[in-house]
Amino acid sequence: MKESKNFLQTIVEKDLQSGKSKEIVTRFPPEPNGFPHIGHAKSIFINFGIARDYNGHCNLRMDDTNPTKEDTKYVEALKDAVTWLGYEWEGNVRFTSDYFAQIHKYAMQLIKMGKAYVDSVDEEEMRELRGTVTEAGKRSKYASRTVEENLDMFERMRKGEFQDGEHVLRAKIDMSAANMKMRDPLMYRIRHAEHFRTGNEWCIYPMYDFAHCLSDYIEGVSHSICTLEFENNRDIYNWVLDTLELEPPRPYQHEFARLGINYTVMSKRKLLELVEGKYVNGWDDPRLPTIAGLRRKGYTPESIVTFCDQVGIAKANSMVDVAQLEFTIRADLNPKVPRVMCVIDPLKITIENYEGSEELNASYYPDDVPKEGSRKLPFSREIYIERDDFEENPPKGYFRLTPEQPVRLKHGYIIACKEIIKDSDGKVIEIKAEYYPTSKSGSDTSGIKVKSAIHWVSADEAKKVEVRLYDRLYSSEMPEGIEDLNPNSLQVIKDALIEPAVVQERPDERFQFERQGYFFADPIDYTDEKPVYNKIVGLKDSWGKKTKPTPPKPEAKEKKVQIDGEVVPMTSEQEKLFTRYKEGLKLNGEVANTLARDEDLSAFFEEALAVLNSPTNLANIITNEVAREMKQHTKEELKFTPQQIAELIKMVDDTTISNKIAKQVFEEMVNSGANPEEIVESKGLVQISDPEIIGKIIDEVMEKNPDNVEKFKAGNKKLLGFFVGQVLKATDGKANPKIVNQLLAQKLQ
RNA sequence: UGGGGUAUCGCCAAGCGGUAAGGCACUAGUUUUUGGUACUGGUAUUCGGGGGUUCGAAUCCCUCUACCCCAUCCA
């Protein structure tokens with residue numbers, strides 16, 4: 001776990017501490033109607049991760065309330081994804097369909113409570129009656145059906161007496177609710193369809209909004225974590241559980257932002273389009289962000305979990321850079337996998353002064369990877385190197401083979417170019433070279449310095465393999481559709497050449513092909529006759545970056561010019577109040593403005609003012625602190641009175657307490673409703689203004705932070721705030737900050 | 001045009017009235033028989049804009065702006 005907590009962990013800890021939750025129970029509740037992708041991985045990571053972190057448990061539940069879309073093959077894929085990522089669900093896999101009978105009972109209970117009714121308008125009419133975002137909706141005439149009628153109708157719905165769409169069960173909430181979701185939401189609809197688990201047992205199916213909260217409740221879920229788009233549904237979630245008056249403990253819903261990654265797509269619809277349109281080769285195409293695709297490409301579950309951890313969990317919609325994902329797989333594989341040599345685009349080299357052959361001993365791992373293992377590497381007169389590793393007219397900074405520049409064959413000898421052979425088109429087809437017999441790796445006495453070591457394979461012993469080079473699926477950072485597809489996202493190299501040990505010994509399934517990247521033996525197409533390797537990710541390539549600079553990222557978007565909108569004009573009433581506050585009471589214009597525009601605030605102010613004639617200080621605390629409390633709570637919930645605020649400010653006025661203490665006292669008043677004077681007395685909050693006492697504390701603080709004293713003296717004036725903070729902390733906030741500031745400025749000179 | 005959210009570096013993201021964490025990316029250097037890795041440094045005088053409160057504001061208040069979600073018998 002990272003050091004900093006995410007907001008869900010904060011909530012969980014708070015709930016555990018307050019006793020709101022006795023035990024942490026989460027659930028991963030996908031609808032089995034599509035293949036899981038890395039977005040699901042994030043949800044799995046969050047739900048299973050939180051359960052693990054707080055010694056709770058996590059259920060795997062298939063939210064199978066819509067029989068027309070779901071299928072058991074998706075159930076398997078989902079289970080597989082969870083297991084692959086290294087998590088275990090509690091008990092059996094749960095299904096919402098397991099709870100159909102119970103959910104049905106709850107529906108009947110709601111009907112009996114008069115909180116649900118059978119509606120019989122058609123879809124179009126229902127939409128009209130629902131109203132719009134700005135206009136209230138209206139209830140249909142069927143909303144007035146009696147409990148008996150509703151019970152009877154609902155029973156007949158269940159028995160299958162009606163066609164799809166003829167009737168629905170709706171919650172009776174509020175057709176004029178500002179939250180559209182609360183305008184009598186549907187709870188059951190008729191669907192004469194075969195369900196993949198319950199078959200034809202039911203012909204009515206609960207809607208998400210009714211089934212989800214109850215399923216969570218039935219399973220004893222404590223924290224129901226979902227994505228942001230369900231924020232509006234939270235009201236229904238709570239309404240159902242509250243209205244049914246279910247025994248505690250009950251679940252609470254919390255939302256986080258779904259994962260977005262650039263250069264790819266995550267929506268079910270777009271993914272389906274790619275697969276069905278054959279733009280990719282099935283759900284496990286390595287270019288896809290599906291779990292199956294990532295897995296086939298060679299990603300490890302560890303790297304994906306790490307990725308989820310690194311990108312964090314928050315409520316801001318965001319788009320993570322694929323580079324972050326690529327980093328996690330490199331970091332995971334680097335210390336784990338063997339290094340081998342594979343030439344993808346071969347160029348023949350004949351070493352003219354070498355006769356015979358030999359076997360070089362080569363470690364699978366570089367010195368900085370503490371793993372054991374080596375193989376024999378055949379070396380001979382004819383070898384292949386990467387075409388890129390020779391340049392007749394090298395650019396500046398080129399370290400590889402050139403007519404003038406020798407290079408080391410990794411694990412082998414240093415060679416130098418003698419002659420370049422070209423075909424009729426001028427293309428280099430072969431290099432005649434010579435080697436330095438004394439330069440053998442490990443026993444080099446030649447004294448020749450080379451700028452780099454390149455990979456190679458021996459011509460006779462190298463094995464032909466297929467290598468599939470994958471690049472990002474889309475060329476656009478935020479792809480819209482198939483027109484943004486990257487035409488070069490897949491490059492199949494049929495005849496790459498690999499050193500023999502890799503396919504003969506098969507020491508691993510993942511490798512680093514030296515200087516090229518990480519590769520994975522394709523789990524499906526690989527055969528001994530035709531080995532196939534998928535490129536997982538390339539190595540970081542700072543040379544490639546220099547030579548072919550990627551199209552410069554659209555440069556830092558300019559700071560948007562902010563246009564001030566129009567401020568709503570004041571009513572004449574407010575205008576009058578404003579003038580009185582500003583002119584009469586000499587209040588700051590902004591403060592007067594805030595006060596005048598808010599009826600509750602101004603009323604509160606007037607009452608306090610009647611007790612204490614200190615308009616400025618009263619207005620300040622009321623437009624700030626009191627305003628905050630009034631925003632967060634209803635008037636009835638407020639535990640403090642205007643008179644008490646006046647009392648508080650009186651103590652500020654006569655310098656008994658500082659502004660800072662006043663805020664502390666106010667917090668206490670908010671919580672306990674106690675009198676300010678009592679709070680000050682019982683907590684001994686009287687302000688310390690004695691320069692001698694404060695001076696001593698300052699000395700102590702300076703002694704404890706000599707480096708910061710230095711920094712301050714060196715010119716880091718920001719640190720004054722740090723010192724003030726330390727002194728205040730040492731006095732529990734009681735030191736008079738003005739005096740602290742003065743004294744500090746003197747002492748730190 | 002209501003309601004619900006969100007805004008901190010190129011991309012993520014901590015922070016909850018007292019010195020602007022961290023990761024990716026970028027960049028400079030050291031090590032290196034991978035132009036890899038590792039290591040060391042550099043990267044936000046400023047938190048969407050403007051005001052206000054305070055000794056002190058990314059954090060509290062007011063206001064404006066931008067983006068996302070909501071009017072499926074989908075989830």
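Every value quoted in this text rests on a predicted model; they were computed, and no experiment measured them. Proteins get letters first, then strands, A, B, ... in listed order; numbering begins at 1 in each.
In this structure, A/Phe511 has its ring center no closer than 6.0 Å to that of A/Tyr364. A/Phe513 has its ring centre no less than 6.0 Å from the ring centre of A/Tyr518.
The shortest distance between the side-chain N/O atoms of A/Lys718 and the OP1/OP2 oxygens of B/A20 is below 4.0 Å. For the pair A/Lys663 and B/U53, the criterion of a side-chain N or O lying under 4.0 Å from OP1 or OP2 is not met. Contact between the side-chain N/O atoms of A/Ser318 and the OP1/OP2 oxygens of B/A13 is found at a separation under 4.0 Å. For B/C62, the OP1/OP2 oxygens have a side-chain nitrogen or oxygen of A/Lys631 closer than 4.0 Å. For the pair A/Asn620 and B/U54, the criterion of a side-chain N or O lying under 4.0 Å from OP1 or OP2 is met.
Spacing between B/U19 and B/A44 at atom C1', rounded to whole Å, works out to 15 Å. Comparing B/U45 with B/A57, their C1' atoms are spaced 15 Å from each other, to the whole Å. Taking atom P on both B/A20 and B/U59, the two are 13 Å apart, rounded to the nearest angstrom. Using atom P as the reference point in both B/U54 and B/C39, the two lie 49 Å apart (nearest Å). Taking the P atoms as reference points, B/U31 lies 41 Å from B/C47, given to the whole Å. For the C1' atom pair drawn from B/C68 and B/U27, the interatomic distance equals 34 Å after rounding to whole Å. When the P atom is used for both B/G56 and B/G18, the distance is 15 Å, rounded to whole Å. B/C16 and B/A58 have their P atoms separated by 12 Å, with the value rounded to a whole Å.
Rounded to whole Å, atom C1' of B/G56 lies 13 Å from atom CG of A/Asn736. Distance, A/Asn624 CG to B/U63 C1': 14 Å, rounded to whole Å. Nucleotide B/U19 holds its P atom 21 Å from the NZ atom of A/Lys713, rounded to whole Å. Separating the CD atom of A/Glu477 from the P atom of B/C12 is a distance of 9 Å, rounded to the nearest angstrom. For A/Arg183 and B/G2, the CZ to P distance is 13 Å, given to the nearest whole Å.
Here the shortest heavy-atom pairing between A/Asp63 and A/Glu31 reads O-CG, 3.4 Å. Across all their heavy atoms, A/Leu129 and A/Ser140 have their closest contact at CD1-CB, 3.6 Å.
Residue A/Val724 is in base contact, counting any heavy-atom pair closer than 4.0 Å across all strands shown. Nucleic acid contact class of A/Leu728 (heavy atoms, under 4.0 Å, all strands): base. Counting non-hydrogen atoms under 4.0 angstrom, A/Gly137 reaches nothing in the nucleic acid. Within 4.0 Å of A/His455, counting heavy atoms only, lies no atom of the nucleic acid at all.
For A/Lys660, the side-chain atoms get nearest to B/G18 when compared with the rest of B/G18, B/A14, B/C62. In this structure, of B/A13, B/U6, B/G18, it is B/U6 that holds the atom nearest to the side chain of A/Lys315. With B/C55, B/C24, B/A14 as the choices, the nucleotide that has an atom nearest any side-chain atom of A/Ala323 turns out to be B/C24. Distances from the side chain of A/Asn659 to the nucleotides B/U54, B/C62, B/U19 place B/U54 closest.
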**B/S/- contact track for nucleotides 69-75 of chain B, protein heavy atom under 4.0 Å** = BSBSBSB
**Footprint string (nucleotides 34-39 of chain B, 5' to 3'): B base within contact, S backbone only, - free, heavy atoms under 4.0 Å** = BBBB--
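Salt bridge status for A/Lys336 with A/Asp332: present, with a side-chain N to carboxylate O gap under 4.0 Å. By the 4.0 Å N-to-carboxylate-O rule, A/Arg170 lies too far from A/Asp184 to be salt-bridged with it.
Checked by atom type, the side-chain pair A/Asn588/A/Lys582 shows no donor-acceptor distance below 3.5 Å. No side-chain donor from either of A/His411 and A/Ser441 sits under 3.5 Å from a side-chain acceptor of the other. A/Tyr237 and A/Asp216 form a side-chain donor-acceptor contact under 3.5 Å, judged by distance and modelled atom types alone.
Scanning atom types as modelled, one donor and one acceptor separated by under 3.5 angstrom connect the side chain of A/Gln324 and the base of B/G23. Side-chain atoms of A/Asn317 stay outside donor-acceptor range of the base of B/G5, with no qualifying N/O pair under 3.5 Å. One cannot find a donor-acceptor pair under 3.5 Å joining the base of B/G56 and the side-chain atoms of A/Lys738. Interface remark: the A/Ser441 side chain does form a donor-acceptor pair with the B/U33 base, using a distance-only criterion of under 3.5 Å.
In the displayed structure, A/Arg258 atom CZ is contacted under 6.0 Å by at most 12 heavy atoms of other residues, nucleotides or ligands. Residue A/Met478 places its CE atom among 12 or fewer non-hydrogen atoms of other residues, nucleotides or ligands, all under 6.0 Å distant.
Residues forming a side-chain hydrogen bond (donor to acceptor under 3.5 Å, both in side chains) with A/Ser303 (at least two apart in sequence, or on another chain): A/Thr300.
In this structure, B/A66 forms a base pair with B/U6, meeting either the Watson-Crick or the G-U wobble geometry with both donor-acceptor distances under 3.5 Å. Across every strand in view, B/C26 sits in a pair with B/G42 that passes the Watson-Crick or G-U test at under 3.5 angstrom.
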